[in-house]
Structure formats: C-alpha cells, structure tokens
Amino acid sequence: MKQRLRHVVQSGKENGLLCRNDIILILLLLISSAVLFFGNSLYFTRSGNAALEIVVDGELFGRYALDRDQTIEIQGTNVCRIENGKVSMTEADCPDLICVHSMPIDRNGGSIVCLPNRVVLLIVNTEKDEDAPDILIG
C-alpha cells in the first residue's frame with residue numbers, strides 16, 4: 001500500500017498536477033487543432049472572382065460583383081449593401097430581423113438568409129476551378 005501511494009504521488013495525480021503523458025496529449029491536441037483551423041482557412045479561401053448571388057423564393061434574382069459598392073433593393077422586402085467587398089443585409093420587413101443582425105459575408109464564402117421573405121444572399125465563385133472538388137463531405 002505504501003509503495004502504491006508513493007507511485008501516485010510521484011506521478012502527480014494526487015496533487016492535481018499533470019504528468020508527462022497528459023502534457024504530451026494536450027500539446028498534440030493543440031497542434032492538431034491549429035493545423036485543422038489554419039489549413040481549413042487556407043483551403044477554403046477563394047482567390048478567384050467571387051460574386052453575390054441573390055435567390056428569392058428559389059429563383060435567381062441577380063448576380064452582383066463584389067468589387068463595386070452598391071445598394072440593392074430586393075422586391076420591396078429587403079435591402080442589401082455591397083461595400084468594400086463585404087455584403088450585409090441593411091433592411092428587411094420581417095418581424096425578427098435576424099438577417100439584418102447577421103455578420104457581413106465576403107469573398108471567403110457564406111450566406112445570409114431571410115426566412116420569412118425567402119431571400120438568400122450567397123457568395124459564389126464565378127471561376128470554375130477544374131482541380132477543385134465538386135463536393136466536400138466531412
């Protein structure tokens with residue numbers, strides 16, 4: 001019993017300290033998280049010509065370049081603004097205004113959705129990359 005207690009104290013478990021294997025595990029998790037985060041950011045950053053695609057009730061309303069600042073009125077229900085390559089919904093007549101309070105989207109991708117008015121703002125890449133995968137599952 002005394003020998004077992006000595007082993008527990010030496011390994012650091014009794015004092016709440018981390019042993020060598022715990023530190024190695026934590027470092028491996030931190031490194032793999034950093035690699036996945038930065039690798040994902042680099043892989044999904046679009047370098048081509050990105051555009052804003054507006055879809056209303058399942059049909060394409062219009063496609064707009066992100067390099068020109070403009071305000072777009074969408075069928076009298078919503079207003080979106082393209083400014084400095086970022087798109088945001090500035091006005092909506094829906095009751096919850098979730099779309100207005102959502103973060104702006106840019107050429108890296110994203111979407112803004114107004115469910116009550118059935119409006120979707122979506123960033124699309126206008127250049128077709130032949131080496132890019134058709135679909136990503138994960």
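Sequence positions, counted from 1, serve as the residue numbers for this chain.
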Side chain to side chain donor-acceptor pair (under 3.5 Å) pairs touching residues 87-99, sequence neighbours excluded, are Asp93-Asn117
Residues at least two apart in sequence or cross-chain that pass side-chain contact (heavy atoms from CB on, under 4.5 Å) with Thr71, listed by chain then number, are Val79, Arg81
Of all heavy-atom pairs linking Ile82 and Ala65, the shortest is CD1-O, 3.7 Å
Heavy atoms of Pro104 and Lys86 approach each other most closely as CB-CB, 4.2 Å
Applying side chain to side chain donor-acceptor pair (under 3.5 Å) to Asn84 and not counting sequence neighbours gives none
In short, Ser111 meets Ile105 closest at the heavy-atom pair N-CG2, 3.7 Å
Taking every heavy atom of Ile123 against every heavy atom of Gly109, the minimum-distance pair comes out as CB-CA, 4.0 Å
Could you go through Asp106 and Leu66, starting from their C-alpha distance and side-chain angles, then the distance that decides it, and tell me whether this counts as side-chain contact (heavy atoms from CB on, under 4.5 Å)? CA-CA 8 Å; Asp106 59 14; Leu66 294 180; 5.8 Å; no
Val100 meets the side-chain contact (heavy atoms from CB on, under 4.5 Å) criterion, sequence neighbours left out, with Met89, Ala92, Leu97
Smallest heavy-atom separation, Val56 atom then Val119 atom, equals CG2-CG2, 4.3 Å
Quick note, salt bridge (charged side-chain N to carboxylate O under 4.0 Å, His left out) partners involving residues 59-72, not counting sequence neighbours, are Glu53-Arg63
**Item:** Ile98-Leu121 co-clustered via ILVMFWY side chain contacts under 4.5 Å
**Value:** no
| field | Pairwise side-chain contact, Cys80 with Ile112, heavy-atom cut-off 4.5 Å (strictly under) | value | no
Partner of Arg20 under side chain to side chain contact (heavy atoms under 4.5 Å, CB included), picked from Asp22, Ile24, Ile23, is Ile24
For Met103, the other hydrophobic cluster members (4.5 Å side-chain criterion, sorted by chain and number) are none
Report task. Would you please test Phe61 and Ile72 for side-chain contact (heavy atoms from CB on, under 4.5 Å) and show each step? Result -> CA-CA 11 Å; Phe61 178 79; Ile72 304 158; 4.3 Å; yes
